[in-house]
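Chain letters run A, B, ... following the sequence lines, proteins first and then strands; every chain starts at 1. Hydrogens, waters and symmetry mates play no part in the numbers below; they use all other heavy atoms, side chains included.
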Amino acid sequence: MTISQEIANLTEDSGQDLPEENVQIGSIQGTVVGLRYYTGTVNRGEMVSLVREPQNPYDRNAVMVANVYGRQVGHIKKELAAPMAYIMDNNLARVEGVVPYGETNKFSMPVNLTFWSKEENRDAVHNQMRRHGFKLGTEFKGYSTKTSLGRDLLGLSSKMSAIPLTAEELKNAFDKLFDDLMEDKTREMEPAEAVCTALLPHQKQALSWMTSRENSNDLPPFWEEKSGLYFNVLTNFAVKERPEKVLGGILADDMGLGKTLTTIALIVSNFHNGKPLPLEQKTFHLIIIINVENTCCLIKKIKIKIVETMIIKKKKKRSQTFKTVVKVTLQCKKILIFINLMFVSFLKHFIKKKNSNTHCSRSYFISIQDQFEQHIRADVTLKVYLYYGAERKRSVKLLSEQDVVLTTYNVLSSDFGNKANSPLHKVNWLRVVLDEGHVVRNPNALQSKAVLELQSERRWILSGTPIQNSLKDLYMLMSFLKLKPFDVKEWWSRIIQRPVTMGDRVGLKNLQVLVKGITLRRTKNSKVAGRMLVQLPERRVFVQHVTLSEEEREEYEQVRKEGRKIIGSYFEEGTIMTNYADVLAILVRLRQYILCFNHYSSSSSINDPGTPNELREHLINKITLVLNSGSDEECAICLDSLRQPVITYCAHVYCRPCICEVIRSEKQARCPLCRAQIKTRELVEYPGEEMQAGAATGENWRSSSKVDALMSNLLKLRQEDPTVKSLVVSQFTRFMDLIEVPLREYGFSFTRLDGTMAQKTRAKAIQDFQDSSPGNPTIMLLSLKAGGVGINLTAASHVFMMDPAWNPAAEDQCVDRCHRLGQSRDVVITKFIVKDSVEENMVKIQKKKQELVEKAFGVKKPMDLKQARMEEIRALMEI
DNA sequence: CATCAGGCGTGGT
DNA sequence: AGTCGCCTGATCG
């Protein structure tokens, strides 16, 4: 979790189902009346939801009763509705209902109401009920809370009879949630002929499983057929009509097992009725010629490919002009894939490019795009459209005609949010695939809503880590898959989330059944028929401590003292959070100092600015620092990666659309983070990285202890085995500039990959590096966040981590780029840490964080987070 | 006359 | 296993 996200959590209205609110403070039996006016039915033991109806013309206290399917059943009797309305409107408690019996009566039925709230509201709720002559009890008498099926629907009896799970057990259960025996998931299936890459056995299994999930006629989890009726065993809901099928699921394989390839195979292999996607010539009825001058390069590239095949087939000559031949199929084949925009450096790249009015979309799609090209036979025409960038064609027709449409979560949500005419939401897709689907985990975020609104027959989530923080993440996934009734928050909470977090074994069992039914997960260590799924070479991590030279130490201490003084004064004033950008700036400066010392001009971003121009520059400095700090900053409003980042006069960074929305909706707009007044015209944009182009070469170059340490390692390696290739990873591109100097000096052949590079050079860099023939580079300077998912750097077997990352996961991901399928050597990771410095403190905090996550899984106390953040800064600066 | 079991009709917010 | 208020008739001191 990033810093701004944590801050956002502090400012955000506390959610409705924090653990504190999960105390049962009383229950009472009430009556549902007016049944004959509504069609909704309830079976014995079935859950109902209670919805306030303040607009009811007869009684503003009205409380509506609805069944799990959302059909109205009736109302709560008005005498009881009166106190309930007060309690519900003032959020004193949440009320849940279960109907113990009731099919027989035509006019009314009983309902067992349970009040859930914070302990401190107990008295208020009890008093309110008492004032109206109702006494809340603790238990219902006269009947069992168990249904005929013996399942515990109220969660009451289990609380008393069964031993709740301990936190330890719960965590364990969570870890094992996805460990599936895969009994019926070992069947293999050959992909369609259009796939030219040979699938590994586990990929064939995944393909088979995915295909069967899409074509299956099985009932969704927890539905059973019983004497002509369809019966949900969890909610006790029974219907005549067959419940909607859930076609799709979660492919949760570990990174590097080929989720994307499997999905591509699925796309071309399983069209309607289990037949492959019709790609051959005969399905195309129409040939048109269009001008593609305006479409971006990659499209062009693909289409040129098509031209080539056409030339072969039609034996026609066509000059290499901008005209190209496109085939249009009369059948609709629509697939949508999302790519996660994970990396801030990419984002910077995008903004920079956007301003210079060039095509930028390619960088995001390059890996997926490549995979399509790589795995699909060249003589097959798969129509792929990148729905991205300012020039994207917002034509529903065009999109409908594609085989595959690629887009990003950001494009989707901005289309969805800005205008009602989002073309992506107008197409009835055959299949929607969320790549890296765990990024849409916050159901309140616009992008999540946009994703949920997509119409599709089949839905897939690809994610190596389907649960990132807590069970709540899963809710979003269920919601996307439209797995009734868990796509509605109330039912998800009542049936799964709350029972599980309260340690109910039945709830956990249900969760397991649920997950098992829709998820396929294999890890690198999974076994198939006793054999390892994928045998990866070993991976060893070494930490190499670096001692600063006396001179360096002196300079470092000086900078540290300065920063400590400033941050210390913020602490005293209690203004740490308001001066957050400054604090971050100081920390970054310190970390950079360790790497390359006086190569950074000490242009102060801390002194009070005077003229507006100075202020502007000052803010630009700050936003640059924040975005380059490597702390993976996210917008505190949308909780997403920053999109068009801007900085306010009070030095907080948001997405431009987000903060503009805030300013527009409030009269006296205030900064969500510090409550300072803000105006739209005072927002300062991030100018991109141009200004950073400092000359790090030449006379003013000077080595540092860290660079020396790296160089001695590299030299030793080369001596031992000149074919060994290494990745040198840093978060600071300018540090990479510095490293280039000694690399050249010692005659290393190297290449570089960072966010500032144009896509062409980027692809070339990877290609050169992966090529092992002599003369090609043996070292790649890699920016921690460059590359994105799916970049393959298996040529490297050594990784040098030059500076510790805030987020240990980012480091892991980086290493995974070479430690993956196709790696033949053991991977050695060397992390350089400077002794007695912020770096060491960072590592300590990293460790602490990890422990904390492991100990208290998913349970966070919001107030402690702010404290923890302050403590972190304190620990970093040794104050 | 008081009390109670049982039958009956009633029925939205 | 079931509402709930009201009426009735049986039963009791």
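Among the protein residues, A/D59 comes within range of the sugar-phosphate backbone only, with heavy atoms under 4.0 Å from sugar or phosphate atoms but none that close to a base. Residue contacts shown for A/N105 include a base, since a base heavy atom lies under 4.0 Å away. Nucleic acid contact class of A/K77 (heavy atoms, under 4.0 Å, all strands): sugar-phosphate only.
Straight-line distance from the CD atom of A/E53 to the P atom of B/dT13: 12 Å, rounded to whole Å. The distance between atom CE of A/M84 and atom C1' of B/dT13, rounded to the nearest whole Å, is 13 Å. Distance A/L50 CG to B/dT13 C1': 14 Å, rounded to the nearest Å. Going from atom CG of A/L80 over to atom P of C/dC4 covers 12 Å, rounded to whole Å. Atom pair A/R60:CZ and B/dG12:C1' shows a separation of 18 Å (rounding to whole Å applied).
Remark: the A/N217 side chain and the A/K245 side chain contain an N/O donor-acceptor pair separated by less than 3.5 Å. A donor-acceptor pair shorter than 3.5 Å cannot be found between the side chains of A/W116 and A/Q24.
With B/dG12, B/dG11, B/dT13 as the choices, the nucleotide that has an atom nearest any side-chain atom of A/Y37 turns out to be B/dG12. You'll find that the side chain of A/Y38 is closest to B/dG12, out of B/dT13, B/dG11, B/dG12. Comparing B/dT13, B/dG12, B/dG11 by their nearest atom to the side chain of A/R36 picks out B/dG12. If you check C/dA1, B/dG11, B/dT13 against the side chain of A/R44, the one that comes closest is C/dA1. Side-chain proximity of A/F107 to B/dG11, C/dA1, B/dT13: nearest is B/dG11.
Two residues are said to be in side-chain contact when any heavy atoms from C-beta on lie closer than 4.5 Å; A/L50 and A/M88 meet this criterion. Contact check for A/V32 versus A/P110: no side-chain heavy atoms found under the 4.5 Å cut-off.
Considering only side-chain N and O atoms, A/K78 lies under 4.0 angstrom from the phosphate OP1 or OP2 of B/dT13.
Look at the C1' atom in both B/dC1 and C/dA10: the space between them is 14 Å, to the nearest Å. For the C1' atoms, the distance linking B/dG9 with C/dA1 amounts to 22 Å, nearest Å.
Counting all heavy atoms, side chain and backbone alike, A/D487 lies closest to A/M478 at CB-O, 4.2 Å.
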